[in-house]
Amino acid sequence: MSAELDLTARLDALGRSLGASAPLEPPAAFMQGVKHQHKVTMIKKSVLAALAAAAVIAVVLVASRQHGTPEKGEKPPVPRRLELPAVGAMRSIVNSPDDIDEAPLLPATDAENEGDVPLRVKEWRKELVD
Amino acid sequence: MHEFVDHALLMRTARGDDAAARTLWAILGPRLIALAKGLMRSHGGEAAALDVVQTVFCRVLDADRSTLADVKDVAAWLARGVRNESLNHHRAMRRRDLNTRNTSLESKAIGGHGPDAGVGDSFSELNAALDALPESLREIVLLKHAAGLTFDQIAISLDDNRSTIASRYAKALKLLREGARNGSVKETREVCT
């Protein structure tokens, strides 16, 4: 057992002696390669960053177009209001009760046409004013 | 390797991090040079070993990300690279020696390609005994004692079973002991073959 320990200890010592004269500083060619690789990595990083920035700008532009954000010097678009013809007629009557005679009539409904509901808006409005 | 080498250190080195590259070298460089010197004892000195290790370290920079991501153990992976590169270097040198037998004597005279180049006389017997081992056993001894790998790391490095590695190592130690006892290196080689 001691002989074996002695042999492994000698082998360890041989291994150490083989590596004892190794330079502490890494070889110049290797470090040159590391420096070159660093440059390559930096270039890759900056290209990727530029691409990412371009992609973000493109996404923002597309999104702003879709949502109607005005460009420089352009007036913002006015949202269109949905209005039924009957609602419009009612609004004009309520806003100007004096011109009630000129107020447009609501289009007759199917029920009115059939004679079940003969009351027209004009008459109904008259009742309200009286 | 006795010191744990973080996988992130390898990745940072590959990305060109100066500090990471220096740390990686400080941890693994000397051990890998020792391994290269051990593996190329008959065909290479200090400079050849340094060249081999430098080539392997430079490969870290050239390797693609997926290869590096697949590395299980950094020390074992680099040791495998050093082993393969040393064998290639060894083969190339042997071919060159065969072609120019006369110049080999000159290079030995210059110093640097001798079998004991860079190693003290106190280990000459042990070196001779190691040289007498079959290559498959010798490299395990070197991976264990020069590169400082564990059996698990050697198994990864040689792409073999851990128990096979352990039994080969035990066999190598047995042969080395017998060789030392008999004092005859040639006998050890005969036992192996």
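We name chains A, B, ... by the order of the sequence lines, and we start the count at 1 in each one. In what follows, every heavy atom counts, from backbone to side chain, and hydrogens, waters and symmetry copies are set aside.
- Nearest heavy-atom pair, A/L18 versus B/K37, reported as atom, atom and distance to 0.1 Å: O-NZ, 3.0 Å.
- Cluster annotation: B/L142 is not connected to B/I156 through the hydrophobic network of ILVMFWY side chains, with a link wherever side-chain heavy atoms come within less than 4.5 Å.
- Residues B/M11 and B/V71 share a hydrophobic cluster, clusters being chains of Ile/Leu/Val/Met/Phe/Trp/Tyr side chains in contact below 4.5 Å.
- In terms of non-hydrogen atom pairs under 4.5 Å with chain A, the most contact-rich of B/A36, B/P30, B/A146 is B/P30.
- The shortest heavy-atom contact between B/L50 and A/P27 is CD1-CG, 4.4 Å.
- A/T41 OG1 to B/R12 CZ: the interatomic distance, rounded to the nearest 0.5 Å, is 12.5 Å.
- Between B/L126 atom CG and A/R10 atom CZ the span is 5.0 Å, to the nearest 0.5 Å.
- Under the 4.5 Å side-chain criterion, counting only non-hydrogen atoms from C-beta, B/H145 is not in contact with A/L14.
- Contacts between B/D17 and chain A at a heavy-atom distance below 4.5 Å involve the backbone alone (N, CA, C, O).
- With a threshold of 4.5 angstrom between heavy atoms, B/V141 approaches chain A through side-chain atoms but not through N, CA, C or O.
- Side-chain contact between A/L11 and B/L173 is present, with heavy atoms from C-beta onward closer than 4.5 Å.
- The hydrophobic clustering, which links ILVMFWY residues whose side-chain heavy atoms are closer than 4.5 Å, places B/L176 and B/L137 together.
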What side-chain donor-acceptor pairs closer than 3.5 Å can you find for residues 29-36 of chain A, not counting sequence neighbours?
none

Show every donor-acceptor pair shorter than 3.5 Å between a side-chain atom in residues 46-58 of chain A and any protein atom, with sequence neighbours excluded, or say none if there are none.
from, atom 1, to, atom 2, distance (Å)
A/S46, OG, A/M42, O, 3.2
A/S46, OG, A/I43, O, 2.8

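- Contacts between A/A13 and chain B at a heavy-atom distance below 4.5 Å involve backbone atoms as well as side-chain atoms.
- Atom CG in A/D12 sits 8.0 Å away from atom NZ in B/K144 (nearest 0.5 Å).
- If you measure heavy-atom distances from B/A14 to chain A, the contacts under 4.5 Å come from the backbone alone.
- One hydrophobic cluster, built from ILVMFWY side chains closer than 4.5 Å, cannot hold both B/M40 and B/L87; they sit in different ones.
- Between B/Q54 and A/A28, the closest heavy-atom pair is OE1-N, 4.2 Å.
- Rounded to the nearest 0.5 angstrom, A/H38 NE2 and B/R15 CZ are separated by 11.5 Å.
- Contact between B/A34 and A/G15 at its shortest, heavy atoms only, is CB-O, 3.5 Å.
- Using a 4.5 Å cut-off between heavy atoms, B/L24 does not touch chain A at all.
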